[in-house]
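Down below is the structure, laid out as structure tokens.
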Amino acid sequence: MKKSELITAIAEKGGCTKKEAERMLKLFTETVTESLSKGEKVSISGFGVFNISERAARDAINPNTKEITHIKARKAPVFKASKALKEAVDQK
């Protein structure tokens with residue numbers, strides 16, 4: 001599902017316009033992004049948890065040149081689905 005399809009689905013299910021649905025989706029993504037940037041986790045009961053994973057610095061080998069390069073430590077966003085979401089997706 002693409003963003004435009006998601007907006008259409010939200011508008012239809014929520015009984016609002018596509019503009020309002022797009023605004024709500026934008027506010028949701030901005031809020032999650034801001035919280036993660038501050039190092040906070042975002043937990044949505046029955047859906048899952050957005051969190052930050054810290055990746056350690058490491059050395060890697062370029063397979064083409066066999067040159068060793070250093071990769072800096074970084075933070076990456078991760079999402080862990082809740083049990084309810086996993087069960088809903090696994091319905092057959």
Side-chain angles (χ1 to χ4, degrees):
M1 179 180 276
K2 295 180 182 178
K3 182 179 177 182
S4 60
E5 296 168 333
L6 179 60
I7 290 169
T8 301
I10 291 171
E12 288 173 1
K13 289 185 178 188
C16 60
T17 66
K18 286 184 182 181
K19 278 257 192 224
E20 292 169 333
E22 182 176 14
R23 182 173 169 268
M24 291 302 134
L25 181 61
K26 183 178 179 185
L27 289 171
F28 172 77
T29 56
E30 286 176 357
T31 304
V32 170
T33 302
E34 288 172 8
S35 295
L36 292 175
S37 296
K38 294 176 188 174
E40 301 170 349
K41 74 177 183 179
V42 179
S43 179
I44 303 171
S45 181
F47 186 70
V49 178
F50 295 92
N51 209 347
I52 295 293
S53 172
E54 297 195 21
R55 309 279 169 98
R58 62 187 172 94
D59 289 329
I61 299 174
N62 181 332
N64 293 332
T65 63
K66 307 297 185 218
E67 181 181 327
I68 296 176
T69 59
H70 182 72
I71 299 173
K72 292 189 255 181
R74 63 186 183 95
K75 295 178 181 178
V78 293
F79 175 75
K80 183 172 192 257
S82 71
K83 182 180 177 183
L85 179 59
K86 289 177 186 178
E87 290 173 354
V89 171
D90 195 32
Q91 295 290 322
K92 294 181 178 147

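Since the model is a prediction, treat every value here as computed from it, not as a measurement. Residue indices begin at 1 and follow the sequence shown. Only heavy atoms go into these numbers, but all of them, side chains included; no hydrogens, no water, no symmetry mates.
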Check: residues 71-83 side-chain donor-acceptor pairs under 3.5 Å, at least two apart:
unit_1, atom_1, unit_2, atom_2, d
Ser82, OG, Gly46, O, 3.2
Ser82, OG, Phe47, N, 3.4
Ser82, OG, Phe47, O, 3.4
Ser82, OG, Leu85, N, 3.2

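Taking OG1 of Thr33 as the reference point, atom NZ of Lys38 lies at 11.5 Å (rounded to 0.5 Å). Atoms NZ and OG1, from Lys13 and Thr8 in turn, are 12.5 Å apart once rounded to the nearest 0.5 Å. Taking CD of Glu40 as the start and CD of Glu34 as the end, the distance is 10.0 Å to the nearest 0.5 Å. Taking NZ of Lys19 as the start and CD1 of Ile7 as the end, the distance is 10.0 Å to the nearest 0.5 Å. To the nearest 0.5 angstrom, Asn62 atom CG is 11.0 Å from Ile68 atom CD1. Summarising the geometry, atom CE belonging to Met24 is positioned 12.0 Å from atom OG1 belonging to Thr29; distances are rounded to the nearest 0.5 Å.
Residue Glu67 places its CD atom among 12 or fewer non-hydrogen atoms of other residues, nucleotides or ligands, all under 6.0 Å distant.
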Practice problem: Run the numbers on Ile10 and Phe28 for side chain to side chain contact (heavy atoms under 4.5 Å, CB included), then give the verdict. | Solution: CA-CA 13 Å; Ile10 291 171; Phe28 172 77; over 6 Å; no
Exercise. Verify side chain to side chain contact (heavy atoms under 4.5 Å, CB included) between Ile52 and Lys41, making sure each step is shown before the conclusion.
Key: CA-CA 7 Å; Ile52 295 293; Lys41 74 177 183 179; over 6 Å; no
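Of all non-hydrogen atoms in Phe50 and Val32, the two that sit nearest each other are CG-CG1, 4.1 Å. Closest non-hydrogen pair, Lys2 versus Glu5, comes out as N-OE1, 2.8 Å. The minimum heavy-atom distance linking Val42 with Ser35 is given by the pair CG2-CB, 3.6 Å. The two residues Ala11 and Ala21 come nearest to each other via the heavy atoms N-CB, 3.8 Å.
Under the 4.5 Å side-chain contact rule for hydrophobic residues, Leu25 and Met1 share a cluster.
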